[in-house]
4 protein chains.
Amino acid sequence: MSDTAELPRQRHLRADASRNRERIVDAARTAFVDHGPDVPLDEIARRAGVGNATLYRHFADRKDLIQQVTLASMDRIAEEAEAALAEEEDPFQALRRFVHRAADERIGSLCPLLSEGFDKSDPEVVRMRDRLDAAILAVMESARQAGKLREDVAAGDLMVALTQLTRPLPGMMCDGIDRYVHRHLQIFLDGLQAPARSELPGSPATFEDLAQPQDGAM
Amino acid sequence: MSDTAELPRQRHLRADASRNRERIVDAARTAFVDHGPDVPLDEIARRAGVGNATLYRHFADRKDLIQQVTLASMDRIAEEAEAALAEEEDPFQALRRFVHRAADERIGSLCPLLSEGFDKSDPEVVRMRDRLDAAILAVMESARQAGKLREDVAAGDLMVALTQLTRPLPGMMCDGIDRYVHRHLQIFLDGLQAPARSELPGSPATFEDLAQPQDGAM
Amino acid sequence: MSDTAELPRQRHLRADASRNRERIVDAARTAFVDHGPDVPLDEIARRAGVGNATLYRHFADRKDLIQQVTLASMDRIAEEAEAALAEEEDPFQALRRFVHRAADERIGSLCPLLSEGFDKSDPEVVRMRDRLDAAILAVMESARQAGKLREDVAAGDLMVALTQLTRPLPGMMCDGIDRYVHRHLQIFLDGLQAPARSELPGSPATFEDLAQPQDGAM
Amino acid sequence: MSDTAELPRQRHLRADASRNRERIVDAARTAFVDHGPDVPLDEIARRAGVGNATLYRHFADRKDLIQQVTLASMDRIAEEAEAALAEEEDPFQALRRFVHRAADERIGSLCPLLSEGFDKSDPEVVRMRDRLDAAILAVMESARQAGKLREDVAAGDLMVALTQLTRPLPGMMCDGIDRYVHRHLQIFLDGLQAPARSELPGSPATFEDLAQPQDGAM
DNA sequence: TATGAATGAGTGTTCATTCAT
DNA sequence: CATGAATGAACACTCATTCAT
């Protein structure tokens, strides 16, 4: 009935069960942001106000939970990219807006989780990645067409740098790092602007590159 | 016989004990880089080829080990900064060189460790931080004097961004992230160049700011 | 017998969980008696027939377990004192009965545990101590009124001596010390009888004195 | 102090070695008194001002050290008994004096150590026990002959009670228990005086009984 | 279905004892 | 002979995951 059709894991989910699932995902994101990726699952369950076993009813294990949380985050970020492209007149300004909004989504505390044992072959993941890839590519391509974005960077470069620059420092309150995040992103964006002020080593990293564990490219 | 007067923890350290200490510190740095800051200490001991208790003879606990490893790394990085300033003609090129060399030192996998329960009042730490601060400030000031470095950034900005951009993604082979690190640093450096292409939010972060847990500045 | 409502730690405790808790407390008391206060908690769990983590679900740490075991023991001993006073005609005989019954409760292996890191400010402990204090005082006062108990002793004296004389010798089978316990208590009781046969050094120790870590009195 | 010829462990012991041995035994006794029988051997070595390995050169293991410390203590106590008998006119006063002096020797913190894995067949132990037995028996017999000591107690009773009443409470500073020790011993001695005020359960425990691990007697 | 409870495997840390200088 | 160093075997405690109500 409601538009949960976007993540139709289980077809017929009881109303309270569906609500529990939502709460767990939200609690997990918050917990990851606050205490890092090793936060006890019991803590997440506690924050969500459910028993620990309920968490396991919805998510097979920690990896699965991370997967779902990450998907939800990617969904939001893709929306940000799409909105930025649609609403901003200046293409490079759209890129700036997207980047800063993604930072506010705490993308840094979630995307690193991608790397652990993340199942990149999961169809859900593939679908979401493609969507996000497309959205970001669109923003970048628009800026590039306008001559505002340097030529030697690709979407993968942006995502990795964005992720890294917004990662919480372990043990440091999020407010600690937050003070710097937007400054550094702004500097990085300045570096992305055309004309390029230096030559980059290596080759542009596309989104697909992120999925490949091993790469000999240089 | 000039002893290693630089870190005179214990006066008379037996030759083999000293060798073990070195091996543990080395193994720890490698292990932190490979598996993150939560790597089991037993794993570190195993890599160092010593028993676990030997590790505890040299380092009171995980925090202490991190402290020592970090100090060793800061030492190396300070040297890099000093050497870059002394040997490079172009002041901004000195900054570039320092940043890329620091990345090769895996600074990203060590300095974040600063944030956890790091004892910032430790005299050794204070001394090393001051030295590193001075070295980086000298590089930056030189570049600034030459009109190559934007005005609205300070040493703390550089250190945090450098740290973040070089952090290993947990679980990802180091080679994975390494592919991007130097590209991103180069972009960031481009963003640092004068003239500034945008206005930065917040205020420049000095080295001292990094030591303060709570800051209301924005 | 005290009703179980006296220790309503958790409101709704599942039947099996409650049974486990009981078994752990019992196993702990036995283990403390058999192997002293440093017996591995795993051993206690093993005796109770539960996993080690189950023990930690019920008791935060060793201190907590000791606290609970001690409380249970104090409860039983207080009952003994109350019963002795109520049922024995001869007041000094009531004292003798209480002392010997307390010995059978293995009080010696538990009350010493009071001294370590025992949280004397715990409301449960305070309440129980006050109850035990009142019960013993009543017995002693009754005997004193009858002119059977020497004047220069207080409840603290009795408790400490009772505790010491009934402590198990580490490593000695309990039966080893048991052979002597009741003999020695009987002798001690004889020494407590009025008229006093000698003058005691120091001053009577009240129950409150036992709670004070430091005392200059002599 | 008895001449050192009594403990001719090693025939030709270098002067400094002999001094070290003494210091270790002394440190061990103090450490046992202060921190209980589980005090780390390194702590004892530290107090003695020697390396830990030196301790192992003199004593095979913890058990051996305990054995030697106990022997030294028994030696002192035997002397006290002999001196009391020789110097006091009133036989029961001799008993009182011996008991209080033995308490000052912290016998309680050492004799319990007898029970653990104590090698009772060690000739040294047998010899010392016989000597101590004889000394105490002499004191008691003297008092009994004078009609001052009740008939139904033996030397083993006295030693066990004396040990128990002078044991330090774990974790409680020694001064804590010290306040009570002499009071309780005095009461116990009063209970020992003839005429007996009650009938004792069981049978008198001789010194030999203490050596038997298993006893069905009652 | 949701839940509290149970559990075993894992980690940090200590300590008795052995080794090498 | 004396010592600092090394070590493996504990033990306390945690947590992801499974079980039973």
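Each chain gets a letter, A, B and so on, in the order the sequences are listed, and its residues count up from 1.
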**Q** Could you walk me through whether C:Asp34 and C:Arg47 pass side chain to side chain contact (heavy atoms under 4.5 Å, CB included), step by step?
**A** CA-CA 12 Å; C:Asp34 287 358; C:Arg47 286 183 181 220; 3.3 Å; yes
**Q** Whole-Å distance between E:dG12 C1' and B:Asp64 CG?
**A** 14 Å
**Q** In whole angstroms, how far is the P atom of F:dA10 from the CG atom of B:Asp42?
**A** 15 Å
**Q** How long is the line joining CD1 of B:Ile24 and P of F:dA5, in whole Å?
**A** 12 Å
**Q** Please round to the nearest 0.5 Å and tell me the distance separating atom CG of B:Leu55 and atom CZ of B:Arg21.
**A**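 Here the interatomic distance stands at 10.5 Å.
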**Q** To the nearest angstrom, how far is C:Arg23 atom CZ from E:dA6 atom P?
**A** 10 Å
**Q** Which comes earlier along DNA chain F counting from the 5' end, the contact point of A:Arg57 or that of C:Val39, where each point is its nearest nucleotide?
**A**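 On the 5' side of the pair lies C:Val39.
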**Q** Measuring from B:Thr70:OG1 to B:Gln67:CD, what's the distance to the nearest 0.5 Å?
**A** 7.0 Å
**Q** Output the rounded distance in Å from CG (B:Asp61) to P (F:dC13).
**A**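 Rounded to whole Å, this separation is 17 Å.
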**Q** When the distance from CZ of A:Phe59 to C1' of F:dA16 is rounded to whole Å, what number comes out?
**A**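 The distance from CZ of A:Phe59 to C1' of F:dA16 comes to 16 Å, rounded to the nearest Å.
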**Q** Rounded to whole angstrom units, what separation is found between the CZ atom of B:Arg21 and the P atom of F:dA6?
**A** 12 Å
**Q** Give none if F:dA2 has no partner; otherwise give the nucleotide forming a Watson-Crick or G-U wobble pair with it, both distances under 3.5 Å.
**A** E:dT21
**Q** Just to be sure I understand the geometry, which residues of residues 44-56 of chain D put a non-hydrogen atom under 4.0 Å away from DNA chain F?
**A** D:Val50, D:Gly51, D:Asn52, D:Ala53, D:Thr54
**Q** Judged by atom type as modelled, is there a donor-acceptor pair below 3.5 Å linking the side chain of C:Arg62 to the main-chain atoms of C:Pro37?
**A** yes
**Q** For F:dA2, does either OP1 or OP2 sit under 4.0 Å from a side-chain N or O belonging to D:Asn20?
**A**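 Result: yes.
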**Q** Taking any heavy-atom pair under 4.0 Å as a contact, classify D:Arg62: base, sugar-phosphate, or nothing.
**A**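 Sugar-phosphate, backbone atoms only, no base.
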**Q** What nucleotide, of E:dT1, E:dA16, F:dC15, holds the atom closest to the side chain of D:Leu41?
**A**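 My answer, after comparing the listed nucleotides, is E:dA16.
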**Q** With no hydrogens and no angle check, is any side-chain donor or acceptor of B:Ser73 less than 3.5 Å from a backbone partner on B:Val69?
**A**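 Side chain of B:Ser73 to backbone of B:Val69: no pair is present.
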**Q** Can you see which heavy atom on C:Ala45 is nearest to which on C:Gly51, and at what distance?
**A**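 In terms of heavy atoms, the two residues are closest at CB-O, 3.9 Å.
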**Q** So how far is it from C:Tyr56 OH to C:Asp64 CG, rounded to the nearest 0.5 Å?
**A**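 Here the rounded value is 11.0 Å.
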**Q** Phosphate oxygens OP1/OP2 of F:dC1: is one of them under 4.0 Å from a side-chain N or O of D:His58?
**A** no
**Q** D:His35 has an atom NE2; how far is it from atom P of E:dT14, in whole Å?
**A**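 Spelled out: NE2 on D:His35 to P on E:dT14 is 16 Å.
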